[in-house]
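Each chain gets a letter, A, B and so on, in the order its sequence line appears, and its residues count up from 1. All values reported here derive from a predicted model rather than from experimental measurement.
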Amino acid sequence: MKVQCLKGFRDYLPEEMLQKDRMLQSVQQVFERHGYPPLMTPALEYSEILLGKYGAEGEMLLYRFRDNGDRDVALRYDLTVPLARVLAEHGEITMPFRRYQIAPVWRAEKPARGRFREFMQCDADLIGADSAAADAEMLVIGAAVMKELGLDGYKLRINHRGILSALCRLAGLGTDGEAAFLRLLDKLDKIGADSFRDQVAELPGIDTGGVEKVLETVLAEGGESRQMLQMLQQALASDPEAQSSIDRLTGVLDLVEAAGVSEFCHVDPSIARGLSYYTGLVYETYLDALPGFGSVMSGGRYDGLVGMFAGKDLPAIGISLGIDRLFAAMKEMDLLEQRSQPAEVLVVLFSTELAAASFEVASKLREAGISTVVYPQEAKLKKQLQFAQRAGIPYVIVIGEEEHRQGTVGLRSMDQGNQQEIPIAEAIDLIRSALQSDAR
RNA sequence: GUGGGUGUAGCUCAGUUGGUUAGAGCGCCAGUUUGUGGUAUUGGAGGUCGAGGGUUCGAGCCCCUCCUCCCACCCCA
């Protein structure tokens with residue numbers, strides 16, 4: 001037997017898990033600060049719930065199988081479709097409805113750098129409102145999450161499906177050529193304009209003059225959001241459907257500006273998004289330092305998705321953060337705090353006879369809210385101190401025969417290397433105030 | 001999924017044109033110090049050389065298959 005975990009899956013050892021947990025807590029905090037309560041759904045869904053939502057390519061990536069009761073089931077591919085199912089299944093939910101969900105999803109893709117087959121998504125969604133305010137709220141939350149994580153080198157690239165459709169029409173394409181055209185448009189900055197022209201020319205019904213207009217707009221110098229919208233306005237002036245999309249993006253920009261996060265938001269007409277259920281605003285987030293890592297946070301408006309279950313459409317928009325990818329990115333950028341233990345204090349276990357004294361002191365420390373471990377067996381002091389040092393535990397309480405007789409403890413600071421013999425109550429006060437000033 | 005690379009101790013890597021018992025640094029364990037960490041010093045454990053076949057008197061090294069990880073394409077969190 002070869003002992004290893006599945007390709008594309010990974011273990012998080014305690015040190016990493018501690019770091020990832022801190023990130024998750026930040027995300028959760030931001031979501032709740034914006035008024036989003038949590039939701040939990042099962043990992044498995046009936047296959048028919050998930051089928052037909054992600055396009056042909058997405059569907060191939062489902063982990064699908066028959067369970068022991070011969071039900072056709074699949075692991076969830078994202079958190080959005082299960083949310084749509086919940087909304088359709090529970091009629092008692094009232095609108096507008098907000099919720100966040102932090103949970104693993106599974107995609108049978110080929111693993112690569114920053115890409116896993118099992119990964120955590122952190123989603124926030126707002127259902128029941130089709131407005132610039134709802135759209136902008138997502139971007140505001142996204143920016144708040146990044147800020148909470150200590151990241152400011154990133155770009156939220158935003159676009160609108162209506163603009164994409166209009167660009168396709170401009171290029172002379174109907175709905176059938178749309179997917180192929182958008183895929184190329186999405187890759188434009190990678191393949192270059194010439195290659196784009198060559199490949200696009202093979203699409204049936206393509207209008208080369210229109211393609212030039214598209215290129216002219218998309219490749220416009222400056223790239224400032226308002227300017228970009230003006231360019232689009234001119235290029236798509238004769239397309240009434242495009243106008244409402246442009247107006248919407250303008251409204252979103254106004255609100256994002258008011259919220260003070262416009263510096264991160266950039267209108268980018270080449271952002272396409274693969275998932276087939278998006279209908280309005282779409283966005284992806286790229287880290288300036290690691291553009292090749294792919295999008296770390298993205299989402300969009302999906303007004304038709306809930307209707308596929310409920311029978312009537314419900315406007316909806318959401319944002320999804322890939323915490324595992326972001327974790328891997330932050331690790332590469334060396335932005336993660338290192339610490340292998342949550343404990344602040346190690347209480348030495350001097351001898352079997354004095355174990356009770358150690359337990360007594362440890363309980364007092366914990367009651368005072370200080371994370372404490374007792375060394376789990378008899379060992380040389382040297383070894384116990386070495387353990388504390390390696391684990392990054394900043395304080396050690398020594399209780400030997402001397403201390404026990406005198407009713408004191410030895411409080412040792414691992415950083416400073418000094419030790420004082422004082423009563424336990426005093427030690428607790430000292431540790432507590434030292435930890436508080438560290439936290440500041 | 002396609003193409004290219006890669007795989008030797010827990011980690012980073014040496015290993016000469018195939019030739020006896022496969023090495024280093026770091027880490028780990030233990031002693032020097034039977035009440036005190038980081039330094040120093042001494043010793044020790046740990047590898048079916050990714051897996052399985054083949055060529056050869058002989059394979060870590062050559063050939064085939066599979067697997068892993070990395071890079072590009074594709075797609076995305």
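- Base contact: E403(A) has a heavy atom under 4.0 Å from a base atom.
- Atom C1' of G44(B) sits at a distance of 41 Å from the matching atom of C63(B), rounded to the whole Å.
- V398(A) comes within contact range of at least one nucleobase, with a heavy-atom separation under 4.0 Å.
- Residue contacts for F387(A): at a heavy-atom cut-off of 4.0 Å it reaches no nucleic acid atom on any strand shown.
- Cation-pi geometry between R10(A) and Y12(A) is met: the NZ or CZ atom falls under 6.0 Å from the ring centre, inside 45° of the normal.
- Going from atom OG1 of T41(A) over to atom CD of E89(A) covers 11.0 Å, rounded to the nearest 0.5 Å.
- Taking for each of I399(A) and G322(A) the nucleotide of RNA chain B with the nearest heavy atom, the 5'-most of the two is the partner of I399(A).
- The base-pairing partner of G43(B), taking Watson-Crick or G-U wobble contacts with both distances under 3.5 Å, is C29(B).
- When only modelled atom types and interatomic distance are considered, Y302(A) and D125(A) share a side-chain donor-acceptor pair under 3.5 Å.
- To the nearest angstrom, C1' of A77(B) lies 18 Å from NZ of K331(A).
- Taking for each of P111(A) and D324(A) the nucleotide of RNA chain B with the nearest heavy atom, the 5'-most of the two is the partner of P111(A).
- Side-chain N/O atoms of R390(A) include one lying less than 4.0 angstrom from OP1 or OP2 on C28(B).
- Q121(A) comes within 4.0 angstrom of sugar-phosphate atoms only, judged by non-hydrogen atoms across all strands, and of no base.
- Within 4.0 Å (heavy atoms only), G114(A) reaches at least one base atom of the nucleic acid.
- Look at CD on E402(A): it is 13 Å from P on U36(B), rounded to the nearest Å.
- Here the P atom of nucleotide A77(B) and the CG atom of L290(A) are 18 Å apart, to the nearest Å.
- A gap of 14 Å separates the C1' atoms of A51(B) and G60(B), to the nearest Å.
- Note on K380(A): a side-chain N or O is less than 4.0 Å away from OP1 or OP2 of G31(B).
- The K110(A) side chain lies nearest to G1(B) when the options are A77(B), G1(B), A30(B).
- Across every strand in view, G35(B) sits unpaired, with no contact that passes the Watson-Crick or G-U test at under 3.5 angstrom.
- When the nucleotides C76(B), G37(B), G35(B) are ranked by their closest atom to the side chain of M414(A), G37(B) comes out on top.
- Residue R325(A) places a side-chain atom within donor-acceptor reach of the base of C76(B), judged by atom type and a 3.5 Å distance cut-off alone.
- When the P atom is compared between C28(B) and U55(B), the two are found 46 Å apart, to the nearest whole Å.
- Taking the C1' atoms as reference points, A45(B) lies 31 Å from G58(B), given to the whole Å.
- Between the side chains of E344(A) and Y395(A), no donor N or O sits under 3.5 Å from an acceptor N or O.
- Remark: side-chain polar atoms of R325(A) are paired, donor with acceptor, to backbone N or O of S295(A) under 3.5 angstrom.
- Rounded to whole angstrom, the span from the CG atom of D11(A) across to the P atom of C69(B) amounts to 12 Å.
- Counting non-hydrogen atoms under 4.0 angstrom, G417(A) reaches a base of the nucleic acid.
- In this entry C13(B) has G23(B) as its Watson-Crick or G-U wobble partner, both defining distances falling under 3.5 Å.
- Between the CZ atom of R183(A) and the P atom of C76(B) there is a distance of 9 Å, rounded to whole Å.
- Taking the C1' atom of each, G46(B) and A24(B) are spaced 15 Å apart, rounded to whole Å.
- Between K187(A) and C73(B) there is no side-chain N or O to OP1 or OP2 distance below 4.0 Å.
- Counting any heavy atom pair closer than 4.0 Å across all strands shown, Q384(A) reaches no nucleic acid atom.
- The NZ-C1' distance, from K7(A) to G7(B), rounds to 14 Å in whole Å.
- As rounded to whole Å, 8 Å separates atom C1' of C76(B) from atom CZ of F119(A).
- The CD atom of Q389(A) sits 5 Å away from the C1' atom of G37(B) (whole-angstrom rounding).
- Among the atoms of the strands shown, base atoms are found under 4.0 Å from some heavy atom of R412(A).
- In this structure, F350(A) does not count as stacked on the base of G35(B) under the 5.5 Å centre distance and 30° plane angle limits.
- A side-chain donor-acceptor contact under 3.5 Å links Y277(A) and D78(A).
- Comparing the same atom, C1', in G10(B) and in U2(B) gives a spacing of 35 Å after rounding to whole Å.
- Across the P atoms, G4(B) and C64(B) are found 12 Å apart, a figure rounded to whole Å.
- For C66(B), the paired nucleotide is G50(B), the pair qualifying as Watson-Crick or G-U wobble because both relevant distances are below 3.5 Å.
- At a threshold of 4.0 angstrom between heavy atoms, the contacts of M297(A) are confined to the sugar-phosphate backbone, with no base atom among them.
- In Q406(A), the CD atom is crowded: over 12 heavy atoms of neighbouring residues, nucleotides or ligands sit closer than 6.0 Å.
- Under 4.0 angstrom from either OP1 or OP2 of A77(B) there lies at least one side-chain N or O belonging to S298(A).
- Comparing C67(B) with G53(B), their C1' atoms are spaced 14 Å from each other, to the whole Å.
- Here K382(A) does not reach the OP1 or OP2 of U36(B): none of its side-chain N or O atoms lies under 4.0 Å away.
- Among K331(A), M330(A), Q25(A), M120(A), the one residue that satisfies the side-chain contact (heavy atoms from CB on, under 4.5 Å) test with K20(A) is M120(A).
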